[in-house]
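Heads up: the structure comes next, in structure tokens.
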Amino acid sequence: MKQRNPWAWIPTVYFAEGIPYVAVMTMSLVMYQQMGLSNAAITFYTSWLYLPWVIKPLWSPFIDLIQTKRWWIIAMQLLIGASLGGVAFTLPTSSWLQGTLCFFWLMAFSSATHDIAADGFYMLGLNQHDQAMFVGIRSTVYRFATIFGQGVLVMVAGNLQLIFRDNISYSWSLVFYGMAGLFILLWLYHGIILPTPKEDTPRKNVNAHTIATEFWNTIRTFFQKPQVIVGLLFMLLYRMPEGLLAKISALFLLDLEANGGLGLSPQEYGFVQGTVGVVGLILGGIIGGICAGTHGLKRWLWPMVLAITLPDLVYVYLSYALPQNLLIINVCVFIEQFGYGFGFTAYMLYLIYYSQGEFKTSHYALCTAFMALSMMIPGLFAGALQQAVGYKTFFIIVVVACSLTFIVTSLIKIDPNFGKKHQEEEIPD
């Protein structure tokens with residue numbers, strides 16, 4: 001194995017993992033809203049972009065059959081760069097909607113494939129000690145990529161619009177060209193710097209038939225677990241309020257006051273949602289992990305349920321009060337995102353808990369597919385619902401939907417010792 005210092009490649013690989021996801025899921029919302037699409041169209045189109053992450057387990061076994069994971073990482077980064085360039089190229093054209101959606105789809109599939117390869121390569125390129133040491137680093141870098149994309153780049157787009165006299169398509173085109181250039185550099189860098197582990201080879205004596213058989217066994221055992229119906233309901237409905245809120249909250253912050261929104265500029269949005277909000281999310285997740293790791297998931301389950309639901313009330317307040325004070329808006333967004341980060345800890349730990357046993361890693365991958373589906377389904381109709389009832393009533397509906405979170409949480413059964421400090425649980429890779 002060609003030895004490389006993990007600091008030379010882990011931060012850049014996971015930064016490259018975060019950027020396309022935030023481009024597809026968040027930056028696209030802001031861009032399409034500024035380009036004049038309706039909320040119903042924006043949420044419908046962009047929610048479908050969750051699909052590659054939903055069906056990711058279907059093709060992840062075949063990555064082991066074709067080339068190395070190192071090859072997949074480098075190839076996908078080049079394809080992501082080409083996709084970003086495609087978005088930039090088609091934005092100023094008359095077919096900007098069809099063109100950008102096409103390249104966002106390509107970016108989403110490339111990003112999901114990059115995720116599979118990067119996580120597998122992480123295990124091959126590091127020993128167990130380094131894997132444990134860098135697990136927090138990769139998570140932090142991923143969040144930094146979120147701040148960079150959702151915060152910094154959105155603010156850059158807003159500043160370019162001032163420079164180019166509100167030429168929205170040209171300004172966003174320049175941003176995406178810049179991101180494409182960044183990924184070309186990452187592609188070149190990783191082509192040189194990534195290690196070449198001896199274990200990183202296509203699996204021998206394995207063909208599509210054996211993979212399919214193994215995949216069927218994974219599916220069969222997944223749906224034979226105790227409390228399978230309750231578990232699936234929890235995976236799909238625990239985040240139902242957030243699935244409705246996630247895309248509409250961003251559009252609400254940006255929408256004109258005449259339409260019931262707060263009318264933030266891209267620069268203000270980038271700071272409020274992309275910086276302050278993400279910091280709140282990170283802090284909530286860190287504190288949630290500490291609490292659950294000390295006393296176990298069962299002890300903190302209901303406080304986390306309250307944390308992920310009750311702060312949604314801040315958007316009811318914002319939609320009625322429509323405050324112009326940026327400090328008030330920042331505080332409200334921070335509270336909601338902090339609560340979500342804290343409460344989301346329970347969701348992630350339950351996925352680990354549900355995945356225990358045979359096929360642990362594969363079952364966890366299936367759980368993450370349901371996790372993506374839980375955001376995709378409500379997002380498909382959230383925009384149409386908001387347009388039908390308005391922001392005020394929509395946010396009240398979100399709060400009412402929190403009852404689903406309470407119901408499915410009351411049905412699950414969790415070992416009181418799961419997650420406690422004295423219990424050493426192996427987290428699925």
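Numbers here simply count residues along the sequence, with the first being 1. Everything quoted here is computed from the prediction, not taken from an experiment.
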message: If we ignore hydrogens and angles and just use 3.5 Å, is the side chain of S47 paired with the main-chain N or O of G379 as donor and acceptor?
response: yes
query: What's the shortest heavy-atom distance between A23 and M179, and which atoms?
result: CB-CE, 3.9 Å
Run the side-chain donor-acceptor check on residues 182-192: report pairs under 3.5 Å with partners two or more places apart or on a different chain.
{"from": "Y189", "atom 1": "OH", "to": "A8", "atom 2": "O", "distance (Å)": "2.5"}
{"from": "H190", "atom 1": "ND1", "to": "Q77", "atom 2": "OE1", "distance (Å)": "2.8"}
{"from": "H190", "atom 1": "ND1", "to": "Q77", "atom 2": "NE2", "distance (Å)": "3.1"}
{"from": "H190", "atom 1": "ND1", "to": "L186", "atom 2": "O", "distance (Å)": "3.2"}
{"from": "H190", "atom 1": "NE2", "to": "T12", "atom 2": "OG1", "distance (Å)": "2.7"}

Side-chain donor-acceptor contacts of residues 322-330 below 3.5 Å, not counting sequence neighbours, with atom names and distances?
{"from": "Q324", "atom 1": "NE2", "to": "L322", "atom 2": "O", "distance (Å)": "3.3"}
{"from": "N325", "atom 1": "OD1", "to": "L327", "atom 2": "N", "distance (Å)": "2.8"}
{"from": "N330", "atom 1": "ND2", "to": "L326", "atom 2": "O", "distance (Å)": "3.0"}

field: 4.5 Å side-chain heavy-atom contact, Q267 and L162
entry: yes
List the atom pairs, with distances to 0.1 Å, where a side-chain N or O of residues 49-57 and a protein N or O form a donor-acceptor pair under 3.5 Å, not counting sequence neighbours.
{"from": "W53", "atom 1": "NE1", "to": "D115", "atom 2": "OD2", "distance (Å)": "3.0"}

Sequence neighbours excluded and cut-off under 3.5 Å, please list the side-chain donor-acceptor pairs for residues 27-37, or say none.
{"from": "S28", "atom 1": "OG", "to": "V24", "atom 2": "O", "distance (Å)": "2.5"}
{"from": "Y32", "atom 1": "OH", "to": "T100", "atom 2": "OG1", "distance (Å)": "2.8"}
{"from": "Q34", "atom 1": "OE1", "to": "Q161", "atom 2": "NE2", "distance (Å)": "2.8"}
{"from": "Q34", "atom 1": "OE1", "to": "W172", "atom 2": "NE1", "distance (Å)": "2.8"}
{"from": "Q34", "atom 1": "NE2", "to": "Q161", "atom 2": "OE1", "distance (Å)": "3.0"}

message: Are the side chains of N39 and K247 in contact, using a 4.5 Å heavy-atom criterion?
response: no
message: A quick test of your reading: do over 12 heavy atoms of other residues, nucleotides or ligands sit less than 6.0 Å from CH2 of W48?
response: no
field: Check: L380 and Y45 side chains under 4.5 Å, non-hydrogen atoms
entry: no
message: Checking the side chain of S374 only, and the main-chain atoms of L236 only, is there a donor and an acceptor separated by less than 3.5 Å?
response: no
query: Is a side-chain donor or acceptor of S265 paired with a backbone partner of E268 at a separation under 3.5 angstrom?
result: yes
field: Backbone N/O of W7 and side chain of N5: donor-acceptor pair under 3.5 Å
entry: yes
query: Any sub-3.5 Å donor-acceptor pair from H363's side-chain atoms to T218's backbone N or O?
result: yes
message: Is the terminal nitrogen or CZ of R239 (NZ for Lys, CZ for Arg) located under 6.0 angstrom from the six-membered ring centre of F344 and within 45° of that ring's axis?
response: no
message: Please check: side-chain N/O of T275 versus main-chain N/O of V272, any donor-acceptor pairing under 3.5 Å?
response: no
statement: Shortest non-hydrogen pair, G289 vs T345, comes out as N-CG2, 3.8 Å
message: Using 30° and 60° as the class boundaries, would you call the ring planes of Y354 and Y350 parallel, tilted or perpendicular?
response: tilted
message: Which residues pass the side-chain hydrogen bond (donor to acceptor under 3.5 Å, both in side chains) test with Q387, not counting sequence neighbours?
response: S38
query: Side-chain contact, heavy-atom cut-off 4.5 Å: P197 with F121?
result: yes
- request: Would you sort out whether V278 and Q337 count as a side chain to side chain contact (heavy atoms under 4.5 Å, CB included), showing the intermediate values?
  value: CA-CA 7 Å; V278 174; Q337 286 293 286; 5.8 Å; no
Pairwise side-chain contact, F89 with F103, heavy-atom cut-off 4.5 Å (strictly under): no
field: Y122 six-ring centre to R138 NZ/CZ under 6.0 Å and within 45° of normal
entry: yes
message: Which residues pass the side-chain contact (heavy atoms from CB on, under 4.5 Å) test with L232, not counting sequence neighbours?
response: F222, F223, V228, M235, F370
query: With ring centroids as reference points, do Y320 and F395 lie under 6.0 angstrom apart?
result: no
Residue pair Q273 / S249, side-chain heavy-atom distance below 4.5 Å: yes
- prompt: Can you check ring pair (Phe, Tyr, Trp, His ring centres under 6.0 Å) on Y315 and F394, steps first, answer last?
  reply: CA-CA 10 Å; Y315 279 100; F394 176 83; 9.8 Å; no
message: Donor-acceptor pair, distance only, cut-off 3.5 Å: does the side chain of S111 make one with the backbone of A108?
response: no
message: Using the rule given for side chain to side chain contact (heavy atoms under 4.5 Å, CB included), can you reason through L251 versus T43, listing the C-alpha separation, both sets of side-chain angles and the distance that settles it, and then say yes or no?
response: CA-CA 9 Å; L251 299 174; T43 57; 4.1 Å; yes
- prompt: With a 6.0 Å cut-off on ring centres, are Y14 and Y142 close enough?
  reply: no
query: Heavy-atom distance under 4.5 Å between the side chains of P311 and F338, does that happen here?
result: no
message: Apply side chain to side chain contact (heavy atoms under 4.5 Å, CB included) to residues F342 and W300 and explain how you reach the verdict.
response: CA-CA 10 Å; F342 187 80; W300 283 96; 3.8 Å; yes
field: Student check: side-chain heavy atoms of Y391 and D255 closer than 4.5 Å
entry: yes
- prompt: Is there a donor-acceptor pair under 3.5 Å between the side chain of T68 and the backbone N or O of W71?
  reply: yes
query: Where do K392 and V316 land on the side chain to side chain contact (heavy atoms under 4.5 Å, CB included) test, with the steps shown first?
result: CA-CA 6 Å; K392 295 177 181 177; V316 176; over 6 Å; no
